[in-house]
Structures are given as C-alpha cells and as structure tokens.
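What you see below is based on every heavy atom in this structure, not just the backbone, and it leaves out hydrogens, waters and symmetry mates.
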Amino acid sequence: MTDGLQFSVQDEVARLTFARPEKKNAITHGMWAGIADAVALVERDPAVKVLVLTGAGADFSAGADISEFGALRSTAEAAATYDKAIETAVGALAGLRKPTVALIRGNCIGGGCQLSVACDFRFAATGSRFGITPAKLGIVYDFQSTRQLVDLVGPAHARYFLLSGSLIGAARAREIGLLNEVYDDAVLEDSVAEFTRTLCSRSQTSIRGMNRIIEKILAGQAESDAEIDRIRLDALHGEDYAEGVAAFLARRPPNFTAR
C-alpha cells in the first residue's frame, strides 16, 4: 500500500486509513493515486462487503498536502495532471457498488471532505469540523465533486461551502445533510461497526443493484433503462430473493450467501 495509507480487512469490512497523523492526514499525490488502487482491491475481493474510510489519530484529513503544490502544481498543465489523480480517487469511491462509510474525527476539510462526500455514508464525532476551501486557493472545484456536494446538501449550502470556504461543526453538518449521524467520540467506532454489520447482513444483490440505480439517478437519468431492468430481473431469479422470501415466511433472519 502507498505511503500514508493503511489498508486492512476484518470480518467482511475493509478499512482504508489516512496514516499521516503528524500532518493531520494531509493527502499526498501518491495517496490520491493509492485510494483508487485500494477501491479496486475492495471491488475485486468477494469476501469484502463494506469499505470504511477514516484517519489515524485525531483527524480524518485536513485535505490535500499543499506543501507539494509548489513542485507538482507549478504550471496549469501540472495542476491539471494533479487534479486528475484527485478526480480518479473520487470517481473510484463514488463508483464502488459496495457501500462506503466515512468514519470522521477532527478535521474533515478540503480534499478530505471531498472524499467523505464521495462515500455513501458519513458518521462523525461531535468535535469534527467540515469545510471545502478552493476559494482560499484560487481553485475551481471540479464538476463531479461539485455535483456530489449539491446532490447531498443542496445548492444553497454547497455555495456556502465553496464560495466562503468557512468551516462548520458536526451538529450543523448533520442539520444540512452532510452527515448521517453524529456520535460522542467514545461510541463512534462501536456505532459504525454496528452499522457495517447491518450492511453485511443484508442482501448484497439488493445493495449493489440499488447503489447502481442511485448512481444513475444522481447522474441525471430520469427513466429506467435496459441495465436497470436486467439488474431487477436478475435479482428476482437470484438466491437472495428466494432466501429472503423463505426467511420472511418462516419468521427467521435471512442468511444471504450471494456475493
């Protein structure tokens, strides 16, 4: 795994950790590239059902490592190349059919917040702080990440984030829809673990099929299509549907085995 990233798998849950706590987990160019590689590992491994993204120490991530900008973004062409690595990482997370969960403590700012928005779920400790700060650097946020933010919090709140670069606390982030839940730090890990166990217990056929349909809706699709029809028909002929109905009729928990 790339320097600055740690990857592990336990009990069907993969965990990707930003591991530069002395730098508030600032993300280097190499780490941006490594995120896409880790997502590909999760996609290929049939034993993994969920990916958790988090940071080592007190912070999720303070964003891109600006100390690299002088060398790696010194020209418009170099900046475009750097930005491509970011867009690839964000696209990989957003395109993963398996559920992704951001477990957030401390600073979740700039590129760190950008990555959390690309996840399916966001759970944070009460002391967390959030912001997206391109206006402080003369950068224009890319289309994909802007769309994801607008879809999540609406245009008014997205403008507040992007145009002001101001930071907000976890309670306000929960109010505007940026976060699913806020927990005391002492119970955050256990709460996320309980939620990931719930996801692992559900039909993976259902989860991945619905994640694909949601992806299409967020991309602007307004009607069903042949792919969606196939996803739904395949589910009806699959093992999980038969098990789900049998378990419901027998009043027992389902034991889904399809991967």
Among M31, R20, K23, the one residue meeting side-chain contact (heavy atoms from CB on, under 4.5 Å) with D65: R20

Please list, chain by chain and in numerical order, all residues satisfying side-chain hydrogen bond (donor to acceptor under 3.5 Å, both in side chains) with [X], sequence neighbours excluded.
| X | answer |
| --- | --- |
| S164 | S166 |
| D185 | R105 |
| R15 | E189 |
| T198 | none |

Identify, with sequence neighbours excluded, every residue that meets side chain to side chain contact (heavy atoms under 4.5 Å, CB included) alongside [X].
| X | value |
| --- | --- |
| A36 | T88, A92 |
| T133 | I109, K136 |
| D229 | S224 |
| A19 | Q6 |

Sidechain-backbone polar pair: T126 side chain, D184 backbone, donor-acceptor under 3.5 Å: no

N/O donor-acceptor pair under 3.5 Å between Q114 side chain and I132 backbone: no

Pairs meeting criterion ring-ring contact (aromatic ring centres under 6.0 Å, His included) with involvement of residues 123-180, two or more places apart: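 Residue pairs with at least one partner in residues 123-180: F123-F195.
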
Pairwise ring-ring contact (aromatic ring centres under 6.0 Å, His included) hits with a residue in residues 200-234, at least two apart: none

Pairs involving residues 193-209, ordered by first then second residue, that meet salt bridge (Lys or Arg N to Asp or Glu O under 4.0 Å) (sequence neighbours left out): none

Residue pairs fulfilling salt bridge (Lys or Arg N to Asp or Glu O under 4.0 Å) with at least one residue in residues 91-101, sequence neighbours excluded: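 Applying salt bridge (Lys or Arg N to Asp or Glu O under 4.0 Å) to every pair that reaches into residues 91-101, excluding sequence neighbours, yields R97-E215.
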
